[in-house]
Amino acid sequence: MNNGLNNIKREANKIRMSDAEKSILLSRIFNLSSPSPYVSFSFSIRSVVMSSLVLVLLIGTGTASAAQDSAPGDLLYPIKVSVNEKIESALARGPAARAEVYAKFAERRLDEAQQLASRGALDAQKEAELEARFAASAASAQEFAEVAEAQKPGIAVGVKIKLEASADARGRILARIGGGKDDETRDRSIALAQKVRSISGRSVEFNGESGIVAVSTTAARDENHAAQDAERDEMSEKAAMTLRNKATRALKDAREKFKDAKALDDATSARVDEQFALADKEISSGEVQFDASAYAEAALHYTGAFKIGIKLSALLEAHKKFDGEFILPILDEEKTEMKIQIPKL
Amino acid sequence: MGVADKTLNKMFGEAFEAYGNELFRHCALRMRDRERALELTQECFLRSMQYAKKGGEIRDPRPFLYKTLRNLIIDEYRKRGIVSLEKMAEDAQAVVDDLLPPDESNTLERAVERHEGATALEALQKLPEPYREAIVLRYIDQLSPGEIADIVGESENAVSVRIHRGLKKLRAILEPDHE
């Protein structure tokens, strides 16, 4: 009999609200403490979108829009994650679009971490929340990408590369922002940066000031890259094209940000130009391989260009938003990393 | 005397973190309808906050929230009309999966795993009220007979008897060949 009760208890404990449901409930309880008869209480996705849209009308598009700049701990943050982002993901048509949307959410969590670190407001609770949300969005992005792969070859590898490159660049920026703040912010920034960068299987030790002190590859990284290598070996023409398109879009985005960047000194501008030139060379090499029907080799070059585009976008965004130098130090960091890389653990 | 809005929000924010999930779970097990359980959980917090805003005193949020939720569940049963015990038992079949959180990466393996565990929970779903309420409050919500008595507005003795009878009925469902 005790077994029966234990089984019931164990099974019953699995019945819980999802994170999304909790967020929705919380935002409704505190935003609707005078309940409106106009808001639907249904929780199905379609109804969530409809009721979210009604909520946006009630609270005002200005408020919903202001929520986009919020971070954990801010009053409007629940609106951002459980109203605005709910609408965004529900309106994305098909698994490929949803993969892109969730990858964007994952990047946003890291941008929020940067924002909090710059204010000296990144504490343990917010770090844990952001880490969990980042991991959940990254996992959703990859799952949707895998579902989309059949119709859109190359999407799964593309999403993985985007998440890896984005986590790498944004993690470095986060560590650098937090490095100059109080002890707790510095420690939380470095810890979170290491955790999100671990999706690339790369173990990196930061010191608080200048960045890395040691880099090592782990078995997880080799496994991850072996998996990517295997995927590239099986790369079809369509998949290689998908990667090329992603690379050219990422570089275009980075170039626009470069044009809008506030005054960069000559040395920094020159280094950014160098990176663009490197990316263009990768694209050209990719085209040569593509024309020779060597799709796996083409994909390798496109991947290189794609990563450069993502990295430069993240660096230029950070340059625009935060005080301090990011671009040169982080590009230098990468060069140093290549020199001090030690054998795998 | 009313509580200042900021203090109120803090109190209910903490109460939601501490008890939100267990209240939802309790409601889901009683309602056997996930969406309705979410709505009632929300309504439970909203009503409790309104009560506090109007000056009502809440000494201990947990039993207060349970009482509020219980009243909402009773209203819900009344709205649904009188339901025979047999029909309630039939409705218990195959609804457990609907109570679990949405899982977009569902695999066959996980579905099978859930089904085996779900058998035990289905037994609970077959228990008629008010025994199901008593067992859920005691063994899942982990409330003492005294706390349950306070929530349901009956004597502790009456609650203990109900729990005992509920266990007997549950045993009969789980172990039908047991003498």
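Throughout, a chain's letter reflects where its sequence line sits, starting with A, and its residues are numbered from 1.
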Nearest-0.5 Å distance, [atom1] of residue [X] to [atom2] of residue [Y]:
| X | Y | atom1 | atom2 | value |
| --- | --- | --- | --- | --- |
| B:Arg25 | A:Lys14 | CZ | NZ | 13.0 Å |
| B:Glu22 | A:Ile15 | CD | CD1 | 13.5 Å |
| B:Asn21 | A:Arg16 | CG | CZ | 8.0 Å |

Other residues, nucleotides, ligands: >12 heavy atoms within 6.0 Å of A:Gln125 CD: no
Hey, is NZ on B:Lys169 packed in by over 12 heavy atoms from elsewhere, all under 6.0 Å? no
So, do A:Glu11 and B:Leu124 sit near enough that their side-chain heavy atoms are less than 4.5 Å apart? no
Using a heavy-atom cutoff of under 4.5 Å, enumerate the residues of residues 156-166 of chain B that contact chain A, numbered in order, or state 'none'. none
Taking a cut-off of under 4.5 angstrom between non-hydrogen atoms, the residues of residues 133-148 of chain B near chain A are B:Tyr139, B:Ile140, B:Gln142
